[in-house]
Amino acid sequence: MSWKLFWLLVEASRLTIILSAVSISLGFVLASLVCAAVMSGNRAARAAGRLFVSFFRGTPLLVQLLLIYYLLPQIGLNVPSEVAAIVGMSLCTAAYQAEILRGGFVSVPRGLIEAANMCGFSPAATFRRIRLPIAVQLTIPALTSEAIMMLKSSSLVSVVGVIELTRMAQDLAASTYRPLELYAAAGFVYLVINIVVAGLGLGLEKRMSWGRL
Amino acid sequence: MTFDLDLIISFLPDILRALGVTILLWIVGSALGILVGFVIAVLRRYGPRGLDLALLAPVELIRGTPFLVQIFLLYYGGPFIGLSLDSVTAGLVGLTIYGAAYYSELWRSGFNAIPRGHIEAAQCVGLNRRQTLKRIILPEMTMLLLPSMVNMTILMLKETAILSIISVPELTLAVSALGTKYYAFVEGFAILALVYWALVEACSAMGRYAERRLSKYRFAAT
Amino acid sequence: MTEKPAIKVEKLVKRFGANTVLSGIDLVVPRGQVTCLIGPSGSGKSTLLRCIAFLEEANEGLIEINGEPLGFTSGEYGERNRLPAAQIQKVRSHIGMVFQQFNLWPHMTALGNVAEALVTVRGMPRKAAEERAMAQLSNVGLSARAGHYPSELSGGQQQRVAIARALALDPDIMLFDEPTSSLDPELTGEVLNVMRELAQSGMTMLVVTHEIGFAASVGSKIVFLDHGEKIVEGRPDEVFGKPRHERIDQFLDTYLDRGAATLL
């Protein structure tokens with residue numbers, strides 16, 4: 001396989017990275033809201049949050065993408081397929097991230113919150129100074145795994161016609177008739193990206209490595 | 001965008017057959033994945049160090065790349081190295097390999113999570129290595145690993161949908177085909193999502209039930 | 001205010017579901033003295049302490065801190081009326097609490113743990129708060145460890161930081177919930193010494209403990225609980241001296257190895 005073909009894959013991986021990064025970030029914002037809903041005192045909000053998490057974790061991302069891809073035009077939103085892909089990926093990862101965040105907050109030991117109560121912290125101060133920083137630290141490994149999961153899952157947006165890494169490999173495999181090399185090379189590019197992300201996650205973890213609980 | 005009941009009923013046999021393929025691929029793929037994963041984990045833990053390193057590479061390769069790319073490589077690339085599989089076989093083989101990598105990591109985490117003291121206690125009362133594995137390690141691991149195994153198995157079900165892309169005649173493919181024929185994608189995929197959702201919820205309900213039944217084996221607080 | 005006891009508990013009842021943990025406890029904690037709550041595990045002593053800290057809400061009964069009602073007041077017809085959260089925090093500000101599990105915040109240094117509430121709750125400037133925190137840390141002999149995170153400290157050091165954290169807020173009552181129970185035996189001494197010094201300085205202390213030796217030597221009043229009831233209370237020599245209540249006898253038998261041997 002020539003360097004030229006490989007370079008085309010590397011260039012296509014830019015879109016893979018952008019789509020994933022945007023979806024993971026949007027998903028995180030959405031996940032914070034969903035997590036707040038699930039942990040709130042409001043029963044309706046809790047039920048809605050749980051339903052959201054259950055649905056998007058309970059169905060294949062491929063089906064979600066196809067559904068959104070065909071649904072958006074039907075409700076009058078003619079958007080490029082990249083946007084449909086981002087919507088689908090963001091919703092899906094939001095459900096997973098919401099569960100991860102909830103797990104983080106639940107794992108903050110009660111005693112640490114009681115200590116804050118005894119020191120006179122208001123609920124808002126307890127959240128800002130104690131619960132949030134600890135929950136964030138606890139969830140970094142799981143959020144890193146989820147980011148890697150999304151990077152891999154982004155290959156599915158190739159079916160709705162987004163020319164990202166997998167789709168580029170597919171197109172090149174069809175035109176050059178060398179699927180073995182091209183898919184192996186695509187896999188290699190994914191692997192490199194994921195190793196970098198895993199390394200970033202580890203670095204972040206180390207930087208926040210004050211106290212194991 | 002109207003629902004035609006007769007139309008749906010006329011598709012029912014096709015859909016049910018496709019659902020059968022999905023469930024079969026899921027169950028068989030997961031079972032094989034769990035089994036092969038176990039063998040990999042045991043070899044990596046108890047085998048020679050070289051074997052551990054030799055198995056590390058493929059496991060990390062599988063875990064670091066998308067399932068779709070693996071399937072493409074196997075199905076489209078396979079024939080070039082004399083591995084011509086029909087789509088169903090390729091799907092099943094791909095699913096098994098993919099699952100085995102993840103399940104092997106779960107098994108390994110299970111082995112690591114069992115306190116050394118439990119194994120030492122078993123040796124002290126005279127259990128040999130095989131007996132320790134069978135009577136102590138495996139039962140303890142079942143409890144430890146059940147939630148993550150159920151999660152992984154749910155993931156396997158969702159991954160079967162990806163096999164539609166290499167035209168394995170499973171549920172997602174069947175519904176897509178009908179969608180194309182009648183131009184009813186949204187309805188089709190919405191119902192499809194509901195079917196997967198129901199399967200996933202049923203599977204996690206079963207997992208929770210098993211966890212409750214086994215809860216008396218939970219580790220005692222120390 | 002001097003004639004009012006530091007803590008007054010009246011007919012306190014606490015249930016967890018169908019399980020009654022405290023069945024009508026009366027307790028007076030005099031000012032400037034050390035009161036020790038002892039009893040077998042499950043006797044309700046920690047629950048009583050947690051009710052006094054308002055970390056648990058009692059089902060019946062009233063608590064007064066320095067003569068001020070905590071959480072509830074009794075109404076005209078003997079019913080309990082709930083007080084607003086601000087009132088609870090105000091009364092609580094008289095209380096410092098030390099937990100069995102230390103409960104230091106893992107993402108802050110020892111100094112950060114002690115200074116945090118001074119900044120966040122009292123609104124002190126960070127620098128002034130840290131100076132005050134440093135003084136508290138040196139009182140418990142830990143100024144050299146100020147920059148360490150809790151995970152880098154031994155259990156005994158962590159508990160001393162926790163004591164400094166509570167003292168930094170200038171409480172006039174200190175509650176200790178089994179402060180040495182999760183420490184290795186060789187580390188309990190340093191914590192008990194800090195508590196002993198605190199007692200000598202005239203701090204009002206209510207201590208739940210299994211350290212019978214500490215209770216007997218430092219406590220001015222011993223309260224023995226069993227099955228959620230107050231069985232005996234009095235000066236150490238009254239409670240531990242002969243003739244002894246039969247249940248104290250049984251209790252001491254099981255605690256021979258905890259410094260109770262000298263009392264028999």
Side-chain angles (χ1 to χ4, degrees), chain A residues 28 31-32 35-36 39-42 97 100-145 200-213, chain C residues 49-50 52-56 85-86 88-110 112-123 133 147-153 158 161-171 173-177 182:
Chain A
F28 182 79
S32 307
C35 176
M39 297 186 73
S40 79
N42 184 319
Q97 290 188 46
I100 293 171
L101 292 178
R102 196 184 65 86
F105 280 113
V106 170
S107 316
V108 176
R110 262 195 72 77
L112 301 185
I113 294 159
E114 288 181 351
N117 285 341
M118 290 313 295
C119 289
F121 283 56
S122 66
T126 308
F127 180 82
R128 196 166 45 82
R129 298 293 301 163
I130 311 293
R131 294 176 66 193
L132 187 64
I134 295 175
V136 166
Q137 194 226 12
L138 287 175
T139 50
I140 283 176
L143 287 177
T144 308
S145 309
L200 288 176
L202 272 180
L204 206 57
E205 231 179 291
K206 260 216 191 88
R207 275 196 50 184
M208 303 184 78
S209 68
W210 29 261
R212 295 264 166 80
L213 285 171
Chain C
L49 197 79
R50 290 171 59 79
I52 293 170
F54 213 67
L55 292 172
E56 307 281 357
I88 292 165
Q89 278 307 6
K90 187 175 149 264
V91 176
R92 236 191 205 165
S93 67
H94 294 287
I95 304 175
M97 172 117 175
V98 174
F99 300 85
Q100 181 181 350
Q101 302 294 341
F102 328 135
N103 292 341
L104 292 184
W105 301 308
H107 56 305
M108 299 176 190
T109 60
N113 264 278
V114 182
E116 179 60 30
L118 295 173
V119 177
T120 312
V121 180
R122 299 280 159 92
H148 288 62
Y149 286 99
S151 59
E152 301 163 336
L153 298 173
Q158 288 188 57
V161 174
I163 292 172
R165 174 174 71 181
L167 289 175
L169 294 165
D170 248 343
I173 301 165
M174 284 287 283
L175 307 180
F176 291 84
D177 186 7
S182 41

Chain A interface, residue from C:Glu152, C:Arg165, C:Lys90, C:Gln100 that has the most non-hydrogen pairs under 4.5 Å: C:Arg165
Minimum-distance pair of heavy atoms, taken over all atoms of A:Leu112 and C:Leu104: CD2-O, 3.2 Å
Distance-minimising heavy-atom pair for C:Pro106 and A:Ile134: CD-CD1, 3.7 Å
Part of C:Ser93 within contact of chain A (heavy atom distance under 4.5 Å): neither
Euclidean distance, A:Met118 CE relative to C:Leu55 CG, rounded to 0.5 Å: 5.5 Å
A:Phe28 atom CZ, neighbour heavy-atom count above 12 within 6.0 Å: no
Where C:Thr120 and A:Ala125 come nearest, the two heavy atoms and their spacing: CG2-CB, 3.6 Å
Part of C:Gln101 lying under 4.5 Å from any heavy atom of chain A: neither
Interchain contact, C:Ile95 with chain A, by part (heavy-atom threshold 4.5 Å): both
Closest contact, heavy atoms only, A:Phe121 versus C:Ala117: CE1-CB, 3.8 Å
Heavy-atom pairs under 4.5 Å with chain C, option from A:Arg110, A:Arg128, A:Arg129 with the top count: A:Arg129
Nearest-0.5 Å distance, CE of residue C:Met97 to CG of residue A:Asn117: 11.0 Å
Region of C:Arg122 that comes under 4.5 Å of a non-hydrogen atom in chain A: neither
Shortest non-hydrogen contact from A:Cys119 toward C:Trp105: SG-CH2, 4.2 Å
